[in-house]
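Basis for what follows: all heavy atoms, side chains included, without hydrogens, waters or symmetry-related copies. Whatever order the structure lists ligands and atoms in, that order sets their numbers, starting from 1.
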Amino acid sequence: MKHVCLINTGGTIGMKPTPEGLKPVPGFLAEQMKRMQELSDEQMPQIEIVEFDPILDSANMTPATWNRIADEIAARYAQFDGFVVLHGTDTMAYTASALPFMMPQLNKPVILTGSQLPLGQVRSDGRENLKTAILLAANYWIPEVGLFFGEAMYRGCRATKVSASRLDAFDSPNALPLATAETSIEIFPDRFRKVVESATDRLPVAPIAPQELATFRLFPGMSVEVLRNVLRRPLKGLILESYGVGNGPSHDRDFLEQIRAATSDGIVVVNCTQCRHGCVLQSAYEVGQLLSDAGAVSGRDMTIEAAIAKLMYLFTHESDPNRLRQRVSENLVGELTPP
Ligand code: ASP
């Protein structure tokens, strides 16, 4: 029989309605799962639940939570065929983006899922998401951190939350799904990343420490004065959400001067597009080339969530600033499409 470890960090899936709104309540998820007869079907693995204390609304998660999730997995790595991490949807894409950097040698499925409606509600999407995530973790060799929601499993570091209300709340605009679950489950192993090492009994974890980062979205009429304030120390890295393939205003010399001054002061400016789909190509237009000349590094087709997780990871582990800047545009764990 297969064994799956279910790590319940919190989120809507296991929340209880209270007069103050939906709240995570210890033990409530396990109670709801006992009512799901399908979980005792012979196709289902043996499930062991590990519940966080406190269980969290994912809006309260921090890099310390990512470290805790990775440590819980590593501590049980040899005992289980796969792991399902139940997580709130609000910051699930951030956690799913961070974990692949922290566990580069992962060789078993780690599937994040959750729901838009609590398990206890009649129309909950949580039951389907939970069952399919468990089946994926138990029965398939998926050496990836995946995010399963609705009908697709995406690579974690490519996923983004695209809807606050739709039941297919996530998408992976720049990478095809690793699996789909329509009337049947289909896996696409040719899309899996190549595993560096194949140990199945131990999982080295590279922790992530919080870093002084910011995002800044360009818009016509933005204030360069505000940008100047954002670019002040202790800032270490800025994700610039640029237009299209990585463009910014060039008539405003003060804007480019702020970017140049920040990068020469050692602040890493990563150029990511504010478009949901597509890749930064700073050489395509003069206005992008000028950003590159000012020192901005291309984030290629990374999601903002992946760019944040990657910068946090790099600032935690890479001490050489030149090497760090270079690695921003390199493909480390499948988070971006190389040229
Ligand atoms: N606020 C909830 C959370 O992220 C939303 C959800 O789970 O859908 O924990």
Side-chain angles (χ1 to χ4, degrees), residues 6-33 35-36 49-70 72-73 83-100 110-134 136-137 145-154 156-173 177 181 208 210 215 276 303-306 308-309 312:
L6 184 73
I7 300 176
N8 180 25
T9 68
T12 296
I13 193 163
M15 286 193 193
K16 195 173 180 175
T18 73
E20 301 86 54
L22 289 172
K23 249 199 212 162
V25 172
F28 190 64
L29 177 99
E31 232 175 79
Q32 296 300 314
M33 283 175 62
R35 298 179 182 194
M36 290 175 61
I49 303 179
V50 173
E51 187 161 272
F52 268 31
D53 179 16
I55 45 175
L56 298 165
D57 187 303
S58 77
N60 286 320
M61 289 198 177
T62 65
T65 327
W66 306 341
N67 293 333
R68 164 112 195 258
I69 296 170
E72 298 285 3
I73 294 169
F83 297 82
V84 171
V85 179
L86 293 184
H87 197 294
T89 60
D90 288 345
T91 66
M92 195 190 297
Y94 291 89
T95 304
S97 293
L99 290 175
V110 170
I111 319 285
L112 278 74
T113 196
S115 67
Q116 293 279 49
L117 294 167
L119 265 193
Q121 287 190 8
V122 178
R123 282 190 60 243
S124 177
D125 52 329
R127 285 187 287 276
E128 299 312 316
N129 288 348
L130 176 63
K131 282 180 284 184
T132 307
I134 291 172
L136 285 166
V145 175
L147 187 156
F148 178 77
F149 218 89
E151 294 188 338
M153 186 186 78
Y154 306 109
C157 53
R158 293 294 200 140
T160 186
K161 185 174 178 181
V162 292
S163 176
S165 55
R166 280 188 356 214
L167 300 185
D168 55 345
F170 288 84
D171 194 7
S172 163
I208 286 186
T215 61
R276 190 178 303 154
T303 60
I304 303 303
E305 294 91 330
I308 288 172
M312 279 204 192

Under the 3.5 angstrom rule, does the side chain of Ser124 hit a backbone N or O of Gly120 as a donor-acceptor pair? no

So the atoms of ligand 1 within less than 4.0 Å of a heavy atom of Thr12 turn out to be 2 (C), 5 (C), 6 (C), 7 (O), 8 (O)

Quick check against the 3.5 Å criterion: does Asp57 have a side-chain atom that pairs as donor or acceptor with the backbone of Lys23? no

Taking the side chain from Asn129 and the backbone from Gly150, do they hold a donor-acceptor pair closer than 3.5 Å? yes

Ligand 1 contact on Ser115 by region, counting heavy-atom pairs under 4.0 Å: backbone

Thr89, any N or O under 3.5 Å of ligand 1 N or O: yes

Could you tell me, atom by atom, which parts of ligand 1 come under 4.0 Å of a heavy atom of Gly11? 7 (O), 9 (O)

Whether Ser58 side chain and Met61 backbone form a donor-acceptor pair below 3.5 Å: no

Using modelled atom types and a 3.5 Å cut-off, is there a donor and acceptor pairing between side-chain atoms of Gln116 and backbone atoms of Arg166? yes

Counting both backbone and side chain atoms, is some N or O of Ser58 under 3.5 Å from an N or O of ligand 1? yes

Hey, is ligand 1 close enough to Asp57 that some N/O pair sits below 3.5 Å? yes

